[in-house]
Amino acid sequence: MEGDTFSGLDGKVVQNFQKSFVQVQNILDQNRLLINEINQNHESKIPDNLSRNVGLIRELNNNIRRVVDLYSDLSTSFSKSMDASSEGDSSGAFKSDGKAGAFKRHRPGS
């Protein structure tokens, strides 16, 4: 049943989805390490460690933004791929470099 999920997509599109999911997982793994370090610094109550947390929290926030952007791009690309595959052409969802095409996320209020 799992193989049916991507049956309408070409191999390159599936490969690019998988690449994006690996990127997301790598960022989430990095976030886990950042959170552990932030917690240790906080528990230590050492002023230098607490100051270091400012930068670590910024890095964590930037990583979270990257994950949100990747998931947004994946969602858009998947929708475009499914639309294209239903029309018999799934080649337009990703550029050959593996990045989403000219799809932009639209946030309310921006």
Going from [atom1] on [X] to [atom2] on [Y], what distance comes out if it is rounded to the nearest 0.5 angstrom?
X	Y	atom1	atom2	answer
L33	L28	CG	CG	11.5 Å
N41	N36	CG	CG	11.0 Å
N31	N61	CG	CG	9.5 Å
I46	Q40	CD1	CD	11.0 Å

Check your understanding: Would N63 and R66 count as having a side-chain donor-acceptor pair, cut-off 3.5 Å?
Key -> yes
Check your understanding: Between R52 and N49, is any side-chain donor less than 3.5 angstrom from a side-chain acceptor?
Key -> no
In terms of hydrophobic clusters joined by side-chain contacts under 4.5 Å, are [X] and [Y] together?
X	Y	value
I35	I57	yes
V13	F21	yes
L34	I64	yes

Check your understanding: Less than 4.0 Å between a side-chain N and a carboxylate O, is that true for D29 and R32?
Key ->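 Here R32 pairs with D29 in a salt bridge, since their nearest N and O are under 4.0 Å apart.
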Exercise for review: Please name the pair of heavy atoms, one in H42 and one in L50, separated by the smallest distance, quoted to 0.1 Å.
Suggested key: CA-CD2, 3.7 Å
Check your understanding: What are the two closest non-hydrogen atoms of N53 and E37, and how far apart are they?
Key -> OD1-O, 4.2 Å
**Study point:** Qualifying residue, where the test is side-chain contact (heavy atoms from CB on, under 4.5 Å) with Y71 and the options are D73, L74, D69, V68
**Key:**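 Going through D73, L74, D69, V68 one by one, the side-chain contact (heavy atoms from CB on, under 4.5 Å) with Y71 is satisfied by L74 alone.
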**Study point:** side chain to side chain donor-acceptor pair (under 3.5 Å) between N62 and R65, intermediate numbers included
**Key:** CA-CA 5 Å; N62 287 333; R65 279 189 205 99; 2.6 Å; yes
Review point. Do the side chain of S75 and the main chain of S72 share a donor and acceptor less than 3.5 angstrom apart?
Key: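 No, because the side chain of S75 does not come within donor-acceptor range (under 3.5 Å) of the backbone of S72.
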